[in-house]
Student: 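Quick one: this structure, given as structure tokens, is what I'll be asking you about.
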Amino acid sequence: MKTLILQRHAKAEKASDDDLSRPLSPVGLSNAAVQGETMRQMEIFPELILHSHAMRARQTAEIMAVKLELSQGYTVEDSELYSCAPSELMAIIRNLPDEVNSILIVGHNPTIETVADSIALSGFGHFRPSEAVICHFDIEEWRAISPRNCTGNRFLPKPE
């Protein structure tokens, strides 16, 4: 059994000349904490958190790791997540180490929402900042993930 959580980073400050350096806004800081707490209450504890090298994705991942009470070393930066196409994200997922059964990927739109729509049981449309989907798969190897083969999913809307 594998669990994949796809999350769009939390709300960032307005665009600037250096998109990679945009930090989370005060609302984004709060929403990342709420999503982490929500997953903790649901007893969803990823073994690994992958995030892009953009500051807003790194901050989202780090806040969620704290709320999920994960120790240091559970978050891993992957610069490919910043601008990868949906097919590239699927390749990253399919090449995850099989000894990891639960993973949270904090990334960017439109890739996060496109991949979520392709693997979940039903489409979700546009992901707002902080929104996530938790997908469960009855598989032993990540390479077996394919469109619509999850056995159950739950959408986590943006905290209000």
Side-chain angles (χ1 to χ4, degrees), residues 1-11 28 30-52 54 56-82 84-160:
M1 179 69 105
K2 303 286 186 200
T3 299
L4 173 66
I5 306 152
L6 295 173
Q7 172 149 359
R8 184 177 175 195
H9 63 77
K11 185 170 179 58
S30 173
N31 286 350
V34 169
Q35 289 296 60
E37 179 64 24
T38 298
M39 286 185 202
R40 189 182 67 72
Q41 289 176 0
M42 294 171 62
E43 298 184 0
I44 301 288
F45 298 101
E47 297 169 57
L48 178 66
I49 300 176
L50 283 181
H51 61 85
S52 85
R56 59 195 180 273
R58 182 182 320 110
Q59 287 180 302
T60 300
E62 289 171 353
I63 290 168
M64 294 191 67
V66 167
K67 288 296 180 179
L68 290 164
E69 300 175 358
L70 301 177
S71 61
Q72 287 187 338
Y74 279 81
T75 62
V76 176
E77 188 172 285
D78 185 339
S79 60
E80 290 182 43
L81 293 174
Y82 178 69
C84 68
S87 61
E88 294 167 319
L89 179 54
M90 285 301 297
I92 290 169
I93 293 166
R94 288 181 177 132
N95 285 300
L96 290 168
D98 290 325
E99 59 271 9
V100 175
N101 291 312
S102 178
I103 187 162
L104 165 61
I105 297 178
V106 179
H108 306 270
N109 268 356
T111 300
I112 287 291
E113 67 188 20
T114 302
V115 171
D117 277 347
S118 75
I119 63 173
L121 295 174
S122 60
F124 299 104
H126 180 67
F127 271 42
R128 298 179 295 172
S130 297
E131 292 187 328
V133 65
I134 302 166
C135 296
H136 302 285
F137 299 88
D138 190 17
I139 58 175
E140 297 297 320
E141 299 173 333
W142 288 105
R143 68 178 179 221
I145 286 182
S146 62
R148 306 272 184 257
N149 78 330
C150 77
T151 57
N153 58 258
R154 180 166 180 189
F155 183 72
L156 298 181
K158 178 183 97 145
E160 297 300 328

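Computed from heavy atoms alone, side chains included, the values below leave out hydrogens, waters and symmetry copies.
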Student: Counting N and O atoms only, with roles assigned by atom type, does the side chain of Asn153 sit under 3.5 Å from a partner on the main chain of Leu121, one being a donor and the other an acceptor?
Tutor: yes

Student: Which pair of non-hydrogen atoms, one from Asn31 and one from Ser130, has the smallest distance, and what is that distance?
Tutor: CB-OG, 3.2 Å

Student: Any chance you could measure Thr75, atom OG1, to Leu68, atom CG, to the nearest 0.5 Å?
Tutor: 11.5 Å

Student: Give a yes or no on whether Glu99 atom CD has more than 12 heavy-atom contacts from other residues, nucleotides or ligands under 6.0 Å away.
Tutor: yes

Student: Which residues pass the side-chain hydrogen bond (donor to acceptor under 3.5 Å, both in side chains) test with Glu141, sequence neighbours left out?
Tutor: Arg143

Student: Verify the neighbour count for atom CD of Glu80: are there more than 12 heavy atoms of other residues, nucleotides or ligands below 6.0 Å?
Tutor: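 No, the 6.0 Å shell around CD holds no more than 12 heavy atoms from other groups.
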
Student: Using distance only, find each side-chain donor-acceptor pair of residues 132-140 under 3.5 Å and give its atom names and separation, not counting sequence neighbours.
Tutor:
unit_1: His136; atom_1: ND1; unit_2: Thr3; atom_2: OG1; d: 3.0

Student: Enter the distance from Leu48:CG to Ile5:CD1 here, rounded to the nearest 0.5 Å.
Tutor: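 The distance works out to 10.5 Å.
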
Student: To check you understand the geometry: which heavy-atom pair defines the closest contact between Arg94 and Ser146, and what is its length?
Tutor: NH2-CA, 3.8 Å

Student: Is any side-chain heavy atom of Met1 less than 4.5 Å from a side-chain heavy atom of Asn101?
Tutor: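 Not in contact.
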
Student: Looking only at heavy atoms, which two atoms of Ile112 and Phe127 are closest? And how far apart?
Tutor: CG2-CD2, 3.9 Å

Student: Rounded to the nearest 0.5 Å, what separation is found between the CD atom of Gln7 and the NE2 atom of His51?
Tutor: 12.5 Å

Student: Are the side chains of Ile105 and Leu89 in contact, using a 4.5 Å heavy-atom criterion?
Tutor: yes

Student: Are Pro46 and Ile103 side-chain neighbours, meaning at least one heavy-atom pair lies under 4.5 Å?
Tutor: no

Student: What is the distance from atom CD of Glu69 to atom CD of Glu37, rounded to the nearest 0.5 Å?
Tutor: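 Nearest 0.5 Å value for the CD-CD distance: 8.0 Å.
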
Student: Quick check against the 3.5 Å criterion: does Lys2 have a side-chain atom that pairs as donor or acceptor with the backbone of Asp98?
Tutor: yes

Student: Once side-chain hydrogen bond (donor to acceptor under 3.5 Å, both in side chains) is applied, do any residues pair with Arg154, and if so which ones, sequence neighbours excluded?
Tutor: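 With neighbours one apart ignored, the set is empty.
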
Student: Only pairs at least two apart or in different chains count here, so list each salt bridge (Lys or Arg N to Asp or Glu O under 4.0 Å) that has a residue in residues 108-128.
Tutor: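 The answer is Arg128-Glu131, Arg128-Glu160.
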
Student: Could you give the distance from CD (Gln41) to CE (Met39), rounded to the nearest 0.5 Å?
Tutor: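 Separation between the atoms: 12.0 Å.
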
Student: Give, for atom CD1 of Ile93 and atom CG of Leu4, the distance between the pair rounded to the nearest 0.5 Å.
Tutor: 4.5 Å

Student: Would you say that Met90 contacts Ile119 through its side chain, given a criterion of any heavy-atom pair below 4.5 Å between the two side chains?
Tutor: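 The answer is yes; the side chains approach within 4.5 Å.
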
Student: Work out which heavy atom in His108 is nearest to a heavy atom in Ala57; give both atom names and the distance.
Tutor: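 Heavy-atom minimum between the residues: NE2-CB, 4.0 Å.
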
Student: Under the salt bridge (charged side-chain N to carboxylate O under 4.0 Å, His left out) test, which residues partner Arg8, sequence neighbours left out?
Tutor: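 Salt bridge (charged side-chain N to carboxylate O under 4.0 Å, His left out) list for Arg8, sorted by chain: empty.
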
Student: Applying salt bridge (charged side-chain N to carboxylate O under 4.0 Å, His left out), can you list everything that pairs with Arg148, at least two apart in sequence or on another chain?
Tutor: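 In terms of salt bridge (charged side-chain N to carboxylate O under 4.0 Å, His left out), with neighbours along the sequence ignored, Arg148 is linked to no residue.
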
Student: Please report the closest heavy-atom contact between Ala144 and Asn149, naming both atoms and the distance.
Tutor: O-ND2, 2.9 Å

Student: If we ignore hydrogens and angles and just use 3.5 Å, is the side chain of Asn109 paired with the main-chain N or O of His126 as donor and acceptor?
Tutor: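 Absent.
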
Student: Taking all heavy atoms of Leu81 and all of Val106, pick out the closest pair and write down the distance.
Tutor: CD1-O, 4.3 Å

Student: Do the side chain of Ser52 and the main chain of Gly107 share a donor and acceptor less than 3.5 angstrom apart?
Tutor: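 Answer holds: no.
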
